[in-house]
4 protein chains.
Amino acid sequence: MSVNKVILVGNLGKDPELRYTASGTAVCNFSIATTESYKDRDGNRQEKTEWHNIVVWRQLAEICGKYLAKGKQIYIEGKLQTRKWEDRDGNPRYTTEIVADQMQMLGRAGDDNSAGPRREPRQEPSMNQSPPQNNYDNVQFNPDDDIPF
Amino acid sequence: MSVNKVILVGNLGKDPELRYTASGTAVCNFSIATTESYKDRDGNRQEKTEWHNIVVWRQLAEICGKYLAKGKQIYIEGKLQTRKWEDRDGNPRYTTEIVADQMQMLGRAGDDNSAGPRREPRQEPSMNQSPPQNNYDNVQFNPDDDIPF
Amino acid sequence: MSVNKVILVGNLGKDPELRYTASGTAVCNFSIATTESYKDRDGNRQEKTEWHNIVVWRQLAEICGKYLAKGKQIYIEGKLQTRKWEDRDGNPRYTTEIVADQMQMLGRAGDDNSAGPRREPRQEPSMNQSPPQNNYDNVQFNPDDDIPF
Amino acid sequence: MSVNKVILVGNLGKDPELRYTASGTAVCNFSIATTESYKDRDGNRQEKTEWHNIVVWRQLAEICGKYLAKGKQIYIEGKLQTRKWEDRDGNPRYTTEIVADQMQMLGRAGDDNSAGPRREPRQEPSMNQSPPQNNYDNVQFNPDDDIPF
DNA sequence: TTTT
DNA sequence: TTTT
């Protein structure tokens with residue numbers, strides 16, 4: 001009885017990060033920027049950029065890790081999810097992410113947005129970054145789990 | 001060159017809060033829940049509820065303040081916006097909200113989702129709540145501003 | 001490299017029609033109305049209703065046949081598809097439908113939009129209707145086919 | 001109490017056609033293709049292309065007429081509308097179009113999807129084409145009308 | 001053909 | 001941190 005849907009078209013700010021949970025499930029993180037232009041009260045054109053944290057799981061994670069790169073323009077469809085975590089002082093903190101289940105690379109073949117792997121899919125060495133980076137180490141997925149979030 | 005769109009169908013967790021900026025612009029805040037059901041690894045049906053903070057401005061804010069109420073099911077369309085604020089220790093904190101520009105009340109006349117004002121639009125007494133409540137007092141809008149965010 | 005998405009919230013004009021292809025694949029057809037209100041040049045409020053033909057396949061078709069009914073308000077997500085057929089004079093004709101892959105019943109339990117089967121899922125006796133009714137008799141699906149359209 | 005929304009990312013099949021109603025309102029028509037790939041029952045990758053007729057009004061029509069061209073990849077957001085017309089034998093016919101209110105050119109500067117006017121906005125000489133081309137000649141709009149469809 |  |  002509910003709908004939770006996000007649709008974004010934007011550009012990656014950095015290369016995506018592909019990782020694996022302890023049980024071997026692929027997860028890919030990256031952020032994309034959307035920019036809105038508007039006129040301020042003086043009639044001058046201004047821009048406002050919004051950054052969105054994207055999480056992708058399983059097969060689509062592998063594809064994102066393999067084909068996406070900094071600067072690429074993509075279409076993302078997914079759902080909003082707010083994740084709770086604790087900062088170093090044990091205080092509760094919340095981070096909102098888009099859990100994407102569809103991704104389309106935009107632009108046409110021949111430009112930087114063309115198909116074809118950009119590089120060897122690079123697995124990130126570790127996950128010691130401070131939040132909002134998720135640490136999935138303590139998540140005990142089976143690789144074939146139908147992960148519900 | 002970008003798209004930032006959120007579509008939600010969910011139910012209000014509380015009555016909406018209608019306020020006005022110092023310059024008289026109406027702003028309405030409320031949160032809605034979306035619930036997803038899935039089967040866990042034991043095959044049992046589980047539910048996961050997500051809460052979304054909604055912000056509405058100007059005329060639509062007045063409508064939301066007047067017609068929405070706790071429990072009502074609505075359709076929301078808007079954009080994602082992450083707002084930065086400081087906690088009491090001066091640390092940067094971020095809250096993600098949906099700035100809605102379309103709202104539809106769902107359900108049919110005769111149920112609790114019917115049309116007709118639920119009450120006198122209630123203006124909240126103050127805005128001294130802790131974040132993620134936005135404090136718009138220091139925002140100097142003109143009422144007719146084309147507020148860009 | 002493309003996106004084809006339709007999102008509708010509207011009411012069924014009639015009970016849905018559930019059928020099966022020769023190979024046993026369930027297909028459900030119904031139409032929903034969306035209504036837009038606007039002001040004409042005299043400032044009078046006018047309404048314009050749009051009718052949308054919905055097609056649903058397989059498991060979701062069974063659900064729609066079982067739970068939907070005339071008047072119910074639903075959320076539909078799917079894709080646009082234009083189907084070519086021939087009228088009685090052999091002229092080519094085109095009908096645009098929404099092939100839905102997600103459906104949500106709206107409203108809350110207790111009203112007419114509540115859950116629970118409305119009746120025995122009724123299979124339509126035949127398909128001798130004139131277009132835009134699709135005649136799937138000559139479609140040779142295997143029940144488990146991953147029907148691509 | 002309803003929602004009627006279409007979201008497309010696709011490529012123009014031809015240059016857009018910019019026209020004006022008798023009262024001077026700009027209207028732009030073009031079609032875009034979306035392509036879906038799937039595997040047939042033999043496991044072979046197949047493609048299915050869908051064509052969508054787009055109608056844009058007023059200021060956005062001028063922009064589309066000026067900047068869009070055959071082959072360009074765009075994002076379109078709008079609503080479904082089925083228009084009734086009569087064929088030469090006086091039989092009723094129906095054409096479904098997307099009335100777009102948002103358009104974004106995709107891809108990055110430097111490729112064929114770059115910004116900058118492609119040519120002088122070309123006004124089509126006449127509108128004697130057979131349907132589904134709309135003939136707006138008998139529509140009596142005032143240029144500033146808030147055209148409701 | 002629905003609904004408000 | 002992107003892009004225009």
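A, B, ... follow the sequence lines: proteins, then strands. Residue 1 opens every chain.
Residues meeting the side chain to side chain donor-acceptor pair (under 3.5 Å) test with Thr96(A), sequence neighbours left out: Thr82(A). Legend: residues meeting side chain to side chain donor-acceptor pair (under 3.5 Å) with Thr34(A), ordered by chain and number and at least two apart, are His52(A).
Counting atom types as modelled, Thr49(C) pairs a side-chain N or O with a base atom of dT2(E) as donor and acceptor under 3.5 Å. Looking at Ser31(A), its side chain comes within 3.5 Å of the base of dT1(F) through a donor and an acceptor atom. In the interface, the side chain of Ser2(D) is not paired with the base of dT3(E) through any donor and acceptor atom under 3.5 Å apart.
Taking the side chain of Glu47(C) as heavy atoms from C-beta on, and the options dT2(E), dT2(F), dT4(E), the nearest nucleotide is dT4(E). Closest to the side chain of Lys70(A), from the set dT3(E), dT1(E), dT2(F), is dT2(F).
Following rounding to the nearest Å, Gln46(C) (CD) and dT4(E) (P) show an atom-to-atom distance of 19 Å. The nearest whole Å value for the distance from the NZ atom in Lys14(A) to the C1' atom in dT3(F) is 16 Å. A straight line from NZ of Lys72(C) to P of dT4(E) spans 13 Å, rounded to a whole angstrom. Following rounding to the nearest Å, Gln73(D) (CD) and dT3(F) (P) show an atom-to-atom distance of 17 Å. Spacing between atom CG of Asn11(A) and atom P of dT1(F) amounts to 16 Å, rounded to whole angstrom units. Atom CZ in Phe30(A) sits roughly 14 Å away from atom C1' in dT1(F) (whole-Å rounding). Rounded to whole Å, atom P of dT3(E) lies 19 Å from atom CD of Glu36(C). Across the protein-nucleic acid pair, Gln104(D) atom CD and dT2(F) atom P stand 20 Å apart, rounded to whole Å.
Side chains of Asp40(C) and Gln46(C): a donor-acceptor N/O pair is present below 3.5 angstrom, by distance only.
The residue Ser37(A) sits apart from the nucleic acid: no heavy atom pair falls under 4.0 Å.
Residues Arg93(B) and Glu86(B) form no side-chain contact, since every pair of their non-hydrogen atoms from C-beta on lies 4.5 Å or further apart. Contact of the Ile98(A) side chain with the Lys79(A) side chain is not registered, since no non-hydrogen atoms from C-beta on lie closer than 4.5 Å.
Residue ring and nucleobase are not stacked for Trp51(C) and dT2(E) under a centre distance beneath 5.5 angstrom and an angle between planes beneath 30°.
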